[in-house]
K.L.:
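Attaching a single structure in structure tokens format; questions to follow.
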Amino acid sequence: MISGTGKDAPRRCIGVFDSGLGGLTVVRRLLAELPGEDIVYLGDSARVPYGTKSAQTVRTFAAEDAAWLMRHEPKLVVVACNTASAYAVEHLRATLPVPVVDVIAPGARRAVALAGGRPIGVIATEGTIASGAYQQAVAEAGSTGALLTGSCPLLVPIVEEGRDEDDPIVLAVLSGYLRALQRARPAVMILGCTHYPLLAGAIAKLMGPHVQLVDSGQATALEVAEALATANLRNPRPAGGRLKCHCTDNAERFAAVASRFLGRPVEQVQWVGTDELTGPSPCRSCP
């Protein structure tokens, strides 16, 4: 069984997966917080989006993504997809032999701490909102204020098209999605999809200076750092961590667009066929 323990464990990689490109905003935060760590990233771009699929389909895809990552013997797995975090994280924690960190609970805890009992807003994909995961996570974090939610299904394709924050189409779509939240005036708003940080400037402008935005990727990176430190799994190397990117469709396009999410050039992306994800698991404890 692959284990996160052992004398070589701190030098093992962190495994990260998402339905596509968005999880690279989480990787960007991980690289900033943990510059000595190696990261293996899988973007399931052939089966994106997860946000409009059924809960069972998302659980199946997430289990396959995680099982593929286990071939790289990670010391920890990050579910860098809000929809997969909502529907699959408990199953992954029960079946994987390494710690699993999601992107919902860290953002919820950060938002509750900032809100101080005042209303909290969440914008996310349809699947994430419908799952009730943020509603549960915010409640478990001790919120005493109202929770306001809004699904924004068009934002993911808009971001992946490469449109800028000041693009009239971006502003028009955001204005429609945010109208009810603007009227409600939450104190804090969670960007509940890993694509949304790329539109944070436009969202902040439309919501106004009284609303603090929470990037769940940043909150997740801090929790990963804490989890590794607590388990004595931090890589002793202070910098120089390597990033290996893999995707399940059109590696050239993935590499071209990935730099926008990552904030730096992505020199190489390796293609992985979906048949490799659905093949036999390399670990008995994996799904």
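Side-chain atoms are counted along with the backbone in the values below, which use heavy atoms only and exclude waters and symmetry mates. Quick caveat: nothing in here was measured; it's all calculated off a predicted structure.
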K.L.:
Would you call D249-R47 a salt bridge at under 4.0 Å N-O?
P.N.:
no
K.L.:
For D102 and A105, indicate whether the former's side chain and the latter's backbone hold a donor-acceptor pair under 3.5 Å.
P.N.:
yes
K.L.:
Once salt bridge (charged side-chain N to carboxylate O under 4.0 Å, His left out) is applied, what residue pairs with a partner in residues 194-222 remain, sequence neighbours excluded?
P.N.:
R29-D215
K.L.:
Taking the side chain from Y177 and the backbone from L154, do they hold a donor-acceptor pair closer than 3.5 Å?
P.N.:
yes
K.L.:
What's the spacing between D167 CG and R163 CZ if we round to 0.5 Å?
P.N.:
5.0 Å
K.L.:
Could you please spell out the steps behind the side chain to side chain contact (heavy atoms under 4.5 Å, CB included) verdict for I14 and L34?
P.N.:
CA-CA 10 Å; I14 297 171; L34 298 163; 4.2 Å; yes
K.L.:
Find out whether V269 and C245 are in side-chain contact, i.e. whether some heavy atom of one side chain is under 4.5 Å from a heavy atom of the other.
P.N.:
yes
K.L.:
What's the shortest heavy-atom distance between A62 and A88, and which atoms?
P.N.:
CB-CB, 3.6 Å
K.L.:
Taking I123 as the starting point, is it possible to reach L199 by hopping between hydrophobic residues whose side chains are less than 4.5 Å apart?
P.N.:
yes
K.L.:
Distance-only, no hydrogens or angles: does the R118 side chain make a donor-acceptor pair with backbone N or O of L114 under 3.5 Å?
P.N.:
yes
K.L.:
Under the side chain to side chain contact (heavy atoms under 4.5 Å, CB included) rule, what do I203 and L191 come out as? Steps first, then yes or no, please.
P.N.:
CA-CA 9 Å; I203 294 169; L191 304 182; 3.9 Å; yes
K.L.:
Give me the atom names and distance for the closest heavy-atom approach of I190 to G107.
P.N.:
CD1-O, 4.0 Å
K.L.:
Side chains of L92 and V79: closer than 4.5 Å at any heavy-atom pair?
P.N.:
yes
K.L.:
Rounded to the nearest 0.5 Å, what separation is found between the CG atom of L155 and the CD atom of E160?
P.N.:
11.5 Å
K.L.:
Kindly give the heavy-atom pair with the smallest separation between G121 and P186, and that separation in Å.
P.N.:
N-CB, 3.7 Å
K.L.:
Between the main-chain N or O of N82 and the side-chain N or O of Y87, is there a donor-acceptor pair closer than 3.5 Å?
P.N.:
no
K.L.:
Side chains of D18 and Y50: do they bring a donor and an acceptor to under 3.5 Å?
P.N.:
no
K.L.:
Applying side chain to side chain contact (heavy atoms under 4.5 Å, CB included) to L24 and R28, what does each step give before you reach the verdict?
P.N.:
CA-CA 6 Å; L24 288 172; R28 183 175 184 171; over 6 Å; no
K.L.:
Could you tell me whether the side chain of T57 and the main chain of K53 form a donor-acceptor pair under 3.5 Å?
P.N.:
no
K.L.:
Determine, step by step, whether R242 and I39 satisfy the side chain to side chain contact (heavy atoms under 4.5 Å, CB included) criterion, reporting the C-alpha distance in whole Å, the side-chain angles of both residues, the deciding distance to 0.1 Å, and the verdict.
P.N.:
CA-CA 6 Å; R242 299 178 297 273; I39 296 174; over 6 Å; no
K.L.:
Is any side-chain heavy atom of L69 closer than 4.5 Å to a side-chain heavy atom of D65?
P.N.:
no
K.L.:
When clusters are formed by joining ILVMFWY residues with side-chain heavy atoms under 4.5 Å apart, either directly or through shared neighbours, do L262 and V224 land in the same one?
P.N.:
yes
K.L.:
So, are E140 and R109 salt-bridged, with charged N and O less than 4.0 Å apart?
P.N.:
no
K.L.:
First locate atom CG of D38, then atom CG of L243, and finally report the distance between them rounded to the nearest 0.5 Å.
P.N.:
9.5 Å
K.L.:
Look up atom CG in L233 and atom CG in L228, then write down how far apart they are to the nearest 0.5 Å.
P.N.:
6.0 Å
K.L.:
Within the structure provided, determine whether M70 and L96 are in side-chain contact (heavy-atom separation under 4.5 Å).
P.N.:
yes
K.L.:
Return the minimal non-hydrogen interatomic distance between P35 and P238, and the atom names on each side.
P.N.:
CG-O, 3.4 Å
K.L.:
To the nearest 0.5 Å, tell me how far S85 OG sits from E90 CD.
P.N.:
10.5 Å
K.L.:
Report whether M207 and I129 are members of the same hydrophobic cluster (ILVMFWY, side-chain heavy atoms less than 4.5 Å apart, transitive linking).
P.N.:
no
K.L.:
If you count every heavy atom of other residues, nucleotides or ligands that lies below 6.0 Å from R110 atom CZ, does the total exceed 12?
P.N.:
no
K.L.:
Report yes or no: do L31 and V266 belong to one cluster of Ile/Leu/Val/Met/Phe/Trp/Tyr joined by side chain heavy-atom distances under 4.5 Å?
P.N.:
yes
K.L.:
Without swapping roles, check the side chain of T194 against the backbone of G22 for a donor-acceptor pair under 3.5 Å.
P.N.:
yes
K.L.:
Determine the minimum heavy-atom distance between C193 and V156, stating which atoms define it.
P.N.:
SG-CG2, 3.8 Å
K.L.:
Using a 4.5 Å cut-off on heavy atoms from C-beta on, say whether the side chain of V16 contacts that of L30.
P.N.:
yes
K.L.:
Are the ring centres of Y41 and F17 closer than 6.0 Å?
P.N.:
no
K.L.:
Is it true that a side-chain atom of S143 and a backbone atom of A139 form a donor plus acceptor pair closer than 3.5 Å?
P.N.:
no
K.L.:
Quick one: sort the W68 and H246 rings into parallel, tilted or perpendicular, breaks at 30° and 60°.
P.N.:
perpendicular
K.L.:
If you compare all heavy atoms of E33 against all heavy atoms of A221, which two are closest, and at what distance to 0.1 Å?
P.N.:
CG-O, 4.0 Å
K.L.:
Measuring from T149:OG1 to L181:CG, what's the distance to the nearest 0.5 Å?
P.N.:
8.0 Å
K.L.:
Under 4.0 Å between a Lys/Arg side-chain N and an Asp/Glu carboxylate O for E226 and R234?
P.N.:
no
K.L.:
Please tell me if the side chains of L198 and E165 come closer than 4.5 Å, counting only heavy atoms from C-beta onward.
P.N.:
no
K.L.:
Verify the neighbour count for atom CZ of R179: are there more than 12 heavy atoms of other residues, nucleotides or ligands below 6.0 Å?
P.N.:
no
K.L.:
Name the residue from R11, K75, R12, R237 that meets the side-chain hydrogen bond (donor to acceptor under 3.5 Å, both in side chains) definition with E37.
P.N.:
K75
K.L.:
So do the side chains of K244 and Q270 get within less than 4.5 Å of each other, counting heavy atoms only?
P.N.:
no
K.L.:
Under 4.5 Å between side-chain heavy atoms, counting indirect links through other Ile/Leu/Val/Met/Phe/Trp/Tyr residues: same cluster for V103 and L213 or not?
P.N.:
yes
K.L.:
Going by atom types alone, do T248 and T274 pair a side-chain donor with an acceptor below 3.5 Å?
P.N.:
no
K.L.:
Should C152 and T125 count as side-chain neighbours, where that means a heavy-atom distance under 4.5 Å?
P.N.:
no
